[in-house]
Amino acid sequence: MGQIIVLGLQWGDEGKGKIVDLLCPAFDAVVRYQGGNNAGHTVRFGEAHFALHLVPSGILRPSVTGVLGSGMVIAPDALLEEIEALEARGVDTAGRLLVSERAHTVLPTHRLLDQAREEARGSAKIGTTLRGIGPAYEMKAARCGVRIGDLGSQRLLDVLRQQYQRIAGEITAAGAPAPPKPSSLVATCRAWAEALGDRICDATALLHRWVAEGRQILFEGAQGAMLDLDHGTYPFVTSSSTTAAGACVGAGIAPSAIDGVIGVVKAYTTRVGSGPFPTELGEQDPLLAHLRQRGNELGTTTGRPRRVGWLDAALLRQACTLNGVSALAVTKLDVLDELAELRIATGYRLGDRECTTLPADAAAAEAAEPIYQVFPGWQQTTAGTLCIRDLPSEARAYLDAVERLAGVPIVLLSTGPRREETVLLQHAVLRRLLGHRARDIAER
Ligand code: IMP
């Protein structure tokens with residue numbers, strides 16, 4: 001009981017950081033399993049505000065151990081900076097922030113390549129976070145990646161040379177300055193290995209031991225299911241497996257060890273970067289500016305304004321099936337407070353036919369016309385609501401529709417950015433997922 005995956009069901013930025021932080025009292029450890037510092041997870045409580053990129057959101061709870069799992073790509077310089085910033089704010093990570101020796105390293109050359117490629121693509125760019133995530137995963141798949149455990153090893157220079165041969169030509173051909181020579185990176189890598197010290201461990205073996213001991217582990221997804229390399233809106237995706245199955249691959253945990261999946265969904269939809277987004281509000285739509293401002297829809301990692309649109313329940317249902325979602329956490333309901341009318345997409349029109357799943361081909365998905373159900377707005381504040389009974393009837397009707405269309409119960413509802421601003425629903429479902437430790441959340 002109690003090994004749970006928490007992941008985003010849209011294109012990222014669903015508010016996973018807050019939900020993970022909120023669930024943490026019921027867990028002993030929080031494990032990131034894919035992605036790198038392309039992620040931006042925000043946690044607020046009282047007046048405190050933390051933006052985490054590599055460190056699992058659970059680290060803000062002193063009883064929780066954070067693990068950066070094997071499927072991640074880690075920029076050690078960014079990680080060390082994040083640890084330093086946390087320590088400076090009184091978050092002690094000593095002995096409770098571990099890094100898998102199998103995770104791969106994002107090198108400065110990967111960032112240069114990411115940037116050079118995006119510039120070369122011009123208007124056809126993916127809109128990556130420019131953090132070097134794609135190139136780091138490419139090197140891993142080409143079997144010349146630098147694993148975290150390799151940073152201080154004898155074979156380091158050899159692997160760096162192999163990478164240089166693959167990357168340097170492409171960077172300079174794109175007109176960017178020549179990348180640093182392999183020999184000049186060795187000392188930097190060694191210094192990273194030293195600074196990370198005994199945080200570097202065999203995380204897979206450790207997780208297996210914890211599962212056997214009955215410790216409860218939360219697997220924290222980054223990005224969102226629709227950015228998955230295989231099942232997202234390819235090629236406008238990230239380079240890792242962002243689905244629930246990706247948690248098993250990236251953390252090295254058997255599917256049979258997982259007890260449930262909590263999917264996080266924003267009460268509307270956002271996306272950063274390029275790619276299909278059927279329910280997107282047009283640039284001229286006055287609602288766009290309102291929702292972007294009201295929901296503070298600027299990227300946590302890049303500061304880019306996010307694209308904003310109506311909730312897409314067809315996509316949500318697809319994501320629930322893909323990930324075997326057991327329960328939903330709905331975030332940012334309060335952002336919709338002022339609207340007179342709301343829409344939820346239930347399917348798409350493609351030329352003269354209708355369908356309920358987004359086509360695999362990006363151009364076809366771009367052309368999909370959403371079919372909407374319209375709901376009356378509540379036009380009163382729900383911000384900070386703590387109890388479902390205090391919600392306006394129109395807001396409850398909207399949530400009922402989300403639940404019905406997704407086919408999954410809602411267990412958490414976020415009504416504001418702070419930890420405190422949350423409604424717990426259907427406690428029996430949470431109990432089934434978390435066992436007696438569901439109580440620790442109710443008593444938070
Ligand atoms: P990359 O992961 O930096 O390669 O970017 C690939 C795509 O994923 C781009 O559209 C990014 O905007 C998007 N992306 C990556 N990380 C996040 C995230 O944490 N939230 C939302 N979008 C993301």
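We count ligands from 1, going down the list as the structure has it; atoms in each ligand are counted the same way. Numbering starts at 1 and runs along the sequence shown.
With rounding to the nearest 0.5 angstrom, the NE2 atom of His41 is 14.5 Å from the CD1 atom of Ile59.
Under the ring pair (Phe, Tyr, Trp, His ring centres under 6.0 Å) criterion, Phe277 pairs with Trp11, not counting sequence neighbours.
Judged by the shortest distance from any of its heavy atoms, Ala39 lies inside the 4.0 Å radius around the atoms of ligand 1. A heavy-atom separation below 4.0 Å is found between Gln223 and ligand 1. Heavy atoms of Trp11 come nearer than 4.0 angstrom to ligand 1 in at least one pair. Distances shorter than 4.0 angstrom occur between a heavy atom of Arg304 and an atom of ligand 1.
Salt bridge Asp77/Arg111: present, at least one basic N to carboxylate O contact under 4.0 Å.
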Starting from the C-alpha separation in whole Å, work towards a yes-or-no answer on salt bridge (Lys or Arg N to Asp or Glu O under 4.0 Å) for Asp150 and Arg155.
-> CA-CA 7 Å; Asp150 294 330; Arg155 61 187 291 269; 3.1 Å; yes
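Side-chain atoms of Thr128 and Asp114 include a donor-acceptor pair closer than 3.5 Å.
By the 3.5 Å distance cut-off applied to N or O atoms, Ser239 is not counted among the residues near ligand 1. Remark: ligand 1 and Thr129 share an N or O pair separated by less than 3.5 Å (distance only, no angle test). Between Leu130 and ligand 1, not a single N/O pair is under 3.5 Å apart. On a distance-only criterion, Ile133 and ligand 1 share no N/O pair closer than 3.5 Å. At least one N/O-N/O distance between Asn38 and ligand 1 falls below 3.5 Å.
When the options Leu227, Thr270, Thr302, Thr242 are ranked by their closest heavy atom to atom 13 (C) of ligand 1, first place goes to Leu227.
Here the closest non-hydrogen pair linking Val106 and Gly132 is CG1-O, 3.9 Å. Of all heavy-atom pairs spanning His104 and Arg102, the tightest one is CD2-O, 3.5 Å.
Protein heavy atom at the shortest distance from atom 2 (O) of ligand 1 is Thr238 OG1, 2.6 Å. Regarding atom 5 (O) of ligand 1, its nearest protein heavy-atom neighbour is Thr128 CA, 3.3 Å.
More than 12 non-hydrogen atoms from other residues, nucleotides or ligands lie less than 6.0 angstrom from CZ of Arg89. For Gln293, the CD atom counts as loosely surrounded, since its 6.0 Å shell holds 12 or fewer non-hydrogen atoms of other residues, nucleotides or ligands.
Under 4.0 angstrom from ligand 1, the non-hydrogen atoms of Val237 all belong to its backbone.
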